[in-house]
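Heads up, the thing below is written out as structure tokens.
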Amino acid sequence: MGRVYNFSAGPAVLPEEVLKEAADEMLDYKGTGMSVMEMSHRSKAFDDIIKEAEKDIRELMGIPDNYKVLFLQGGASQQFAAVPMNLMKNKKAAYIITGQWAKKAYQEAQKYGEAVAVASSADKTFSYIPDCSDLDIPEDADYVYICENNTIYGTKYKTLPNTKGHTLVADVSSCFLSEPVDVTKYGVIYGGVQKNVGPAGVVIAIIREDLITDDVLEGTPTMLKWKTQADADSLYNTPPCYGIYICGKVFKWIKKMGGLEAMKAHNEKKAKILYDYLDESKLFKGTVVPKDRSLMNVPFVTGDADLDKKFVAEATAAGFVNLKGHRTVGGMRASIYNAMPIEGVEKLVEFMKKFEAENA
Ligand SMILES: *Cc1c(COP(=O)(O)O)cnc(C)c1O
């Protein structure tokens, strides 16, 4: 069986080139006579892998020298706790609730201090991003927290919130490396890599150095204290070595593709094909306010649950897989991350047109 067009929200499609390279190196990585899975994380070969990966992501994102890049484990969800543990000096933080992942982070933070919901789009099933230009942010809040791209609902911040001088913390799991980013606007940028960057098991955290201190909440586990990880260059314990190695290959692939400007152009072109069709279709409808649409996750519905089901079944049989929407939204969702080729989206739209004609 050949490769399918995989529209999974995560773990998600990876560049075929990267998978082939990894396959070629599986038994003997660069003359070491072993797989990267089998080598010591203290070896010269692995040291080169992690250093090179850090160098490449720094170059891609233009990460300034006063930010650390950490390769951690525990997924994005682990950082829902690590963020308050490391940052809640005043035991207070402002959260903007734009979907399930933001809500989960907000609920986790409540265990450690006062998490204040300063805005929410729950009133319309998270189908938009609230106006964040003049929020009522408590003076003594330690940070303002956002989920920048909402994987489940398909919304994305097009402008960052006005934090009124407070540190901005962003979960970028589902828009990581999808477009250029001004790192200096954030205190912390983090994301699980299994959406756009690599295999599950790695979370990358980019943290401004002054936020990495010994002054953490009492009881913070050693492993969750960012300083432990920063002081050890992400090698305090055994890191997810193989995952980091694949991330490194994806960074090289993005560089070869032309970097984040080129990635953005490629992603805009892909998303436009799908959104243009959704806007003209009489059968399928996008669920998100147009100005807040994500380039990465595109939810849509027919308005008829049985027809949605029929569509997903026929699409799957035709080789377009993982199009079923999240259980809380229903309908469909096409995740079209960096590694989804343009032909994948073109062929999906062709298929949708055919389905529309047959089911009119
Ligand atoms: C998938 C996802 C998560 C959860 O990631 P895990 O690595 O499974 O913990 C968190 N935030 C966003 C935005 C996501 O898309």
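Order of appearance sets the numbers: ligands from 1, and atoms from 1 within every ligand.
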For ligand 1, which atoms have a heavy atom of [X] less than 4.0 angstrom away?
X: Lys195; answer: 1 (C), 2 (C), 3 (C), 14 (C), 15 (O)
X: Thr151; answer: 12 (C), 13 (C), 14 (C), 15 (O)
X: Gly75; answer: 7 (O), 9 (O)
X: Cys147; answer: 13 (C)

Do me a favour and list the nearest non-hydrogen protein atom to atom 8 (O) of ligand 1 with residue, atom name and distance?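 Answer, as residue, atom name and distance: Gln194 NE2, 3.4 Å.
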Legend entry - Residue, atom name and distance, where the atom is the protein heavy atom closest to atom 9 (O) of ligand 1: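 Residue, atom and distance for the closest contact: Ser77 OG, 2.6 Å.
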Task: Option set Asn297, Asp171, Asn149, Val193, criterion heavy-atom distance to atom 11 (N) of ligand 1, minimum - done: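 It is Asp171 whose heavy atom sits nearest to atom 11 (N) of ligand 1.
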Under a 3.5 Å cutoff, is there a donor and acceptor pairing between the side chains of Ser178 and Asn267?
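Looking only at side-chain atoms, Asn267 and Ser178 do not form any donor-acceptor pair under 3.5 Å.
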Requested in this report: Taking all heavy atoms of Thr238 and all of Gln73, pick out the closest pair and write down the distance.
Outcome: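 In this case the closest contact between Thr238 and Gln73 is O-NE2, 2.8 Å.
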| message | Can you give me the closest heavy-atom contact between Asn196 and Phe176, atom names plus distance? | response |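 Minimum heavy-atom separation between Asn196 and Phe176: ND2-O, 2.9 Å.
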>> Would Thr302 and Met332 count as a side-chain contact (heavy atoms from CB on, under 4.5 Å) here? Give the steps.
In response: CA-CA 9 Å; Thr302 63; Met332 283 68 70; 4.1 Å; yes
So His326 and Arg333, do their side chains get closer than 4.5 Å, heavy atoms only?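 Side-chain contact under 4.5 Å: yes.
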Check your understanding: Quick one: do Lys104 and Asp171 make a salt bridge, cutoff under 4.0 Å?
Key ->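 Salt bridge between Lys104 and Asp171, a charged N being under 4.0 Å from a carboxylate O: no.
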Could you establish whether Gly10 and ligand 1 come within less than 4.0 Å of each other, counting only heavy atoms on the residue side?
->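 For ligand 1, residue contact (heavy atoms, under 4.0 Å) with Gly10 is absent.
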